[in-house]
Amino acid sequence: MSSAAEKSPANANNDEPQRLLVIDGHSMAFRAFYALPAENFATDTGQHTNAVYGFVSMLIRMIADHDPTHVAVAFDLDTPTFRSEEYEDYKAGRSKTPEEFHGQIDLIQKVMEAMNIPHLSLDGYEADDIIATLAARGQEAGAEVLVVSGDRDAFQLINETTRVLYPKKGVSDIPPMDAEAVEAKYFVRPERYSDLAALVGETADNLPGVPGVGPKTAAKWLNLYGDLAGILENIDAIKGKVGDSLRAHVEDVKRNRRLNRLLTDLDLPVTFEALVLSHPHRDAVEELFDALQFNTLRKRLFDLFGEEEQPVEEEPMPPLELLETEEALRTWFAERAGQTFGLHLATVPVTGAPDDVVGVGFAAEGATAYVNVEQADQHLEEALATVLADAGSAKAVHDFKRAFKLLKERGLGLAGVVDDTMISAYLIQPDRRSHELGDIAQYHLRLTLEAEGESGQLELGLDEQDAAQPAVRAAYVVRLLSHHLAGQVLERGASRLLAEMELPLAVILARMENTGIAIDTERLDELIGDFSKTIDAATQEAYDAIGHEVNLSSPKQLQGVLFDELELPKTKKIKTGYTTDADSLQELLVKTQHPFLVALMAYRDATKLRQTVEGLRKTVADDGRIHTTYAQTVAATGRLSSLNPNLQNIPIRSEEGRRIRDVFVVGEGYETLLTADYSQIEMRIMAHLSGDEGLIQAYRDGEDLHRFVGSHVFDVAPEDVTSEMRSKVKAMSYGLAYGLSSFGLSKQLKISVDEARGLMKDYFSRFGAVRDYLRGVVTQARQDGFTSTIEGRRRYLPDLTSDNRQLREMAERAALNAPIQGSAADIIKRAMLGVDAGLQEAGLSTRMLLQVHDELVFEVAEGELDQVEALVRERMAHAAELAVPLDVQVGIGRSWHDAEH
DNA sequence: AACGTGCGAC
DNA sequence: CTGGTCGCACGTTA
């Protein structure tokens, strides 16, 4: 399925297959109303908009998913219909429409007018009749028909060309019902569905059926006698109680059948052609959506129809010029002075080492060029080096950090980088999972990395062309992308983040990665042995406890042992059965005291540790150091991530695990490792962002925050806060920043949900500003479509308005967390820039090695300790000006373990 | 190869 | 249904 953004507006071209989408307006509005909480959707004037929002959202999605050429919406009127005339209790007993629903139908109709989508209603008839009539007309015109209705009567319309979207509660992606689906569910073909409904009855319409007859019986009869008429002809042949029941209610059945027949011949004032889906009235939509305060929806709507979403007209790529002499290179760049060059490296893989740079592709206005680095003579290479290292020559690259490192391998510098399209794309869409050049070029420009006519065939004869073509093509694409993304980066207020934070940071990260951290490999090997012994012992214990062997690493086999064999109580359900996670095992142990559980948990702990240590062992480079790679465009909040290996999840909480930190040591020629971390940075940010006077003052006074909060929540003097109270508020304080529920808190603290709820209530009654802030974050994010950090880093969360509750609530928790986690990421990034600058200004040899979210690890050169400590403390503490101080804790030692404090 | 489960860190 | 952000290893399934 293509995304909404790719849809072009429909046209009535007769060569194209036509598809009509007909929607039951009231029923969809009601679905939307109940899918979205009314209290979250209201304008400043108090008009509720949840049904309008949900309706338009579903409509956009359906247009995107099904690509109709024609669309219409049918509404009921409040006036009597031929059905209520015949049967006065028709649809009686329906509960009154809620207060908040009032006026929303009118608004939906206004939106339809602005969107240029016809909406129809007809005195004396219901929406279903209009739908049936339109469906018939669509079919006559040869169109495929999709009916969207929450009324099962619509099933009678299903045939080879007509299908029904019948939204089930809580399902946003609705599979269309066709004849087979109806038959599978009701055991009759769609054309017999009305007969079946007449027999069974329809509670939604207050039409009683034959008592004792359900779909199965009705279907059995219909299949036996052909149709309802056939049943009535043979009515005396039907035996048993149900036969008597049928005979007693035959008039009801006949009435039901008259009422549930949809009319397909209404006199509607529109032709099929008038239903053609065309562009919205832009001004009308702007005005209406302003009034409704729909901001993200406006963008989705315009994206759906937007002209700018048409494929970008691709100009032929300028011809490739090979720069083979110093002179040629100088001339090429001199003629284009002042331009921003797209740049891309041609590389070849090398086993067990970084890729090798074999050439450099450049793109400028109307020209592309390639320099073969391997065949370059000294003059050419020097000229190239000059251009690359020239800060005055502006360049756009994709993945600056990688390019910087690869060039460095060749002894080449890289400066003047004004854009990294990978980072720009990330700042625009931090949630995207891939920011690879090919992906974002496809997404933003509809361009592929493969040039026209290049697919597959090798350019024969010239080896270097093989490397040159793709590199130059990439440089060309990078240049276009950079141009295209710059506007969006600016619009989203991310220009400073890019230029002053992420780009300079890339250089620092490249250096950290190249430096790596020294490893005591002997110690590492010892640890592997130690953990292995623990594993062997635990394994044996586990086998003894159950009398046979089993793969303790297989959740599936463990389920067999725990729940079938040992018949322990069932745990939480997961996709593949019942969970065997650590929390659940602990609960099982409390309940059953089974020795197998103890052994299994010991096995889990030890295998996790051995696995970590073995992973580290494999990544120790020839220089005896581990060189992680930092991913700058992965974490949606703005954090870095670390991979190959991940050095941001080295154990510390358990004594056994902490030993692993002993293998990270100071390198030869250096004096010591130094770690510096922010104390409670996320809580401090929460205090700052919420402006809670109590929390702010506590931090200013340098109090033990959790003790302080505990004394207020439990209403005791600070010195009377027990460690149990302290750990409770600590869990709660941190949980709040993650959107923790009272259920989650109760589980974590092993207390009742009531107790957890009470705890949270007390917390918020003392720290009301925190509650107001957290509420405000979600409301604001829903309005804006994004959250922001203190540096203006945005995270877009379209799911905040999803009609899927689970998605929506996940987005709400992400919205709570993103400003806090993201601001902490901003702060430590600023700190890294500051510390790095400070070290250089002071001409120190001390090196920054690692970043672990709120911690930096340094390798301190001989004699620099005092100076470095002062510098690091100062720069970290002043990386941001908050309402509370940023407390920095520093530790020193020969290993990472010893440098903990 | 892709997915699901489980778990380490902050 | 129920705590955010990651990366990685293993077993299982396609």
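Quantities reported herein were computed from a predicted structural model and do not represent experimental measurements. Just so you know, these numbers use all the heavy atoms, side chains as well, and skip hydrogens, waters and symmetry mates. Numbers restart at 1 for each chain; the letters A, B, ... are given by sequence-line order, proteins then strands.
Mapping A:Gln806 and A:Pro555 onto DNA chain C by nearest heavy atom places A:Gln806 closer to the 5' end of the strand. Nearer the 5' end of DNA chain C, as judged by each residue's closest nucleotide, is the contact made by A:Leu745, out of A:Gln557 and A:Leu745.
For A:Arg639, counting side-chain heavy atoms from C-beta on, the closest listed nucleotide (B:dG4, C:dT5, B:dG6) is C:dT5. Comparing B:dA9, C:dC8, C:dG4 against the side chain of A:Asn817 picks out C:dG4 as the nearest. Among the nucleotides C:dT2, C:dC6, B:dC10, the one closest to any side-chain atom of A:Ala636 is C:dC6. For A:Val634, whose side chain is taken as the heavy atoms from C-beta onward, the closest listed nucleotide among C:dT5, B:dG6, C:dC6 is C:dC6. Set against B:dG6, C:dG3, B:dG8, the side chain of A:Asn649 has B:dG8 as its closest nucleotide. In the set C:dG4, C:dG7, C:dT12, C:dT12 carries the atom at the smallest distance from any side-chain atom of A:Lys556. If you check C:dG11, C:dC8, C:dT2 against the side chain of A:Ser553, the one that comes closest is C:dG11. Ranking C:dT5, B:dC10, B:dG8 by closeness to the A:Ala814 side chain, first place goes to C:dT5. For A:Ser741, the side-chain atoms get nearest to C:dT2 when compared with the rest of C:dT12, C:dT5, C:dT2. Of the candidate nucleotides C:dG4, C:dT5, B:dT5, C:dG4 has the atom nearest to the side chain of A:Tyr738.
A sub-4.0 Å separation between OP1 or OP2 of C:dC10 and a side-chain N or O of A:Thr607 is absent. In this model, the phosphate group of B:dG8 is not approached by any side-chain N or O of A:Thr612 to a distance below 4.0 Å at OP1 or OP2. Regarding contacts with the backbone of C:dT5, every side-chain N or O of A:Arg813 stays at 4.0 angstrom or more from both OP1 and OP2. Distances shorter than 4.0 Å separate some side-chain N or O of A:Thr576 from OP1 or OP2 on B:dT5. Using a 4.0 Å cut-off, some side-chain N or O of A:Asn551 falls inside it from OP1 or OP2 of C:dG11. The side chain of A:Arg604 contributes an N or O atom lying less than 4.0 Å from OP1 or OP2 of B:dC7. Not one side-chain nitrogen or oxygen of A:Ser642 sits closer than 4.0 Å to the OP1 or OP2 atom of C:dG7. Between B:dG6 and A:Thr580, a contact under 4.0 Å exists linking OP1 or OP2 to a side-chain N or O. The side chain of A:Lys608 contributes no N or O atom lying less than 4.0 Å from OP1 or OP2 of B:dC7.
Residue-level contact check: A:Ala582 touches the backbone only, with heavy atoms under 4.0 Å from sugar-phosphate atoms and none from bases. No engagement by A:Ser742 is indicated, since no non-hydrogen atom pair under 4.0 Å with the nucleic acid exists. Within the nucleic acid shown, A:Ile574 comes within 4.0 Å of sugar-phosphate atoms alone, with no base atom in reach, counting heavy atoms only. Note on A:Gln611: only backbone sugar-phosphate atoms sit closer than 4.0 angstrom, heavy atoms only; bases stay farther off. When heavy atoms are screened at a 4.0 angstrom cut-off, A:Arg808 is found touching no nucleic acid atom at all. Counting non-hydrogen atoms under 4.0 angstrom, A:Leu647 reaches nothing in the nucleic acid. Residue A:Arg653 is in base contact, counting any heavy-atom pair closer than 4.0 Å across all strands shown.
Atom P of B:dC3 sits at a distance of 25 Å from the matching atom of C:dG3, rounded to the whole Å.
No donor-acceptor contact under 3.5 angstrom links the side chains of A:Tyr426 and A:Glu502, judged on distance only. Side-chain polar atoms of A:Asp581 and A:Ser584 form a donor-acceptor pair below 3.5 angstrom.
A:Phe786 does not carry A:Arg492 over the face of its six-membered ring by the limits of under 6.0 Å from the centre and within 45° of the normal.
The 12-atom threshold is exceeded at CE of A:Met601, counting heavy atoms of other residues, nucleotides or ligands nearer than 6.0 Å.
One can place NZ of A:Lys829 at 19 Å from P of B:dC10, the figure rounded to the nearest angstrom. Atom CD1 in A:Ile820 sits roughly 10 Å away from atom C1' in C:dG4 (whole-Å rounding). B:dA9 atom P lies 9 Å from atom CG of A:Leu609, rounded to whole Å. A:Met683 places its CE atom 18 Å from the P atom of C:dG3, with the value rounded to the nearest Å. As rounded to whole Å, 11 Å separates atom P of B:dC10 from atom OH of A:Tyr734. Between A:Asn646 atom CG and B:dG6 atom C1' the separation is 15 Å, expressed in whole Å. Between A:Leu552 atom CG and B:dC7 atom C1' there is a gap of 16 Å when expressed in whole angstrom units. In this structure, OH of A:Tyr678 is placed 23 Å from P of B:dA9, rounded to the nearest angstrom.
Ring-plane geometry between A:Phe664 and A:Trp896 is classed as perpendicular, the angle between the planes exceeding 60 degrees on a 0 to 90 degree scale with a lower cut at 30. Note on ring orientation: taking the six-membered ring where Trp is involved, the planes of A:Phe767 and A:Tyr763 are tilted (angle from 30° to 60°).
In this structure, A:Arg402 does not pair ionically with A:Glu436, as no charged nitrogen and carboxylate oxygen lie closer than 4.0 Å.
To the nearest 0.5 Å, atoms OH (A:Tyr578) and NZ (A:Lys573) are separated by 4.0 Å.
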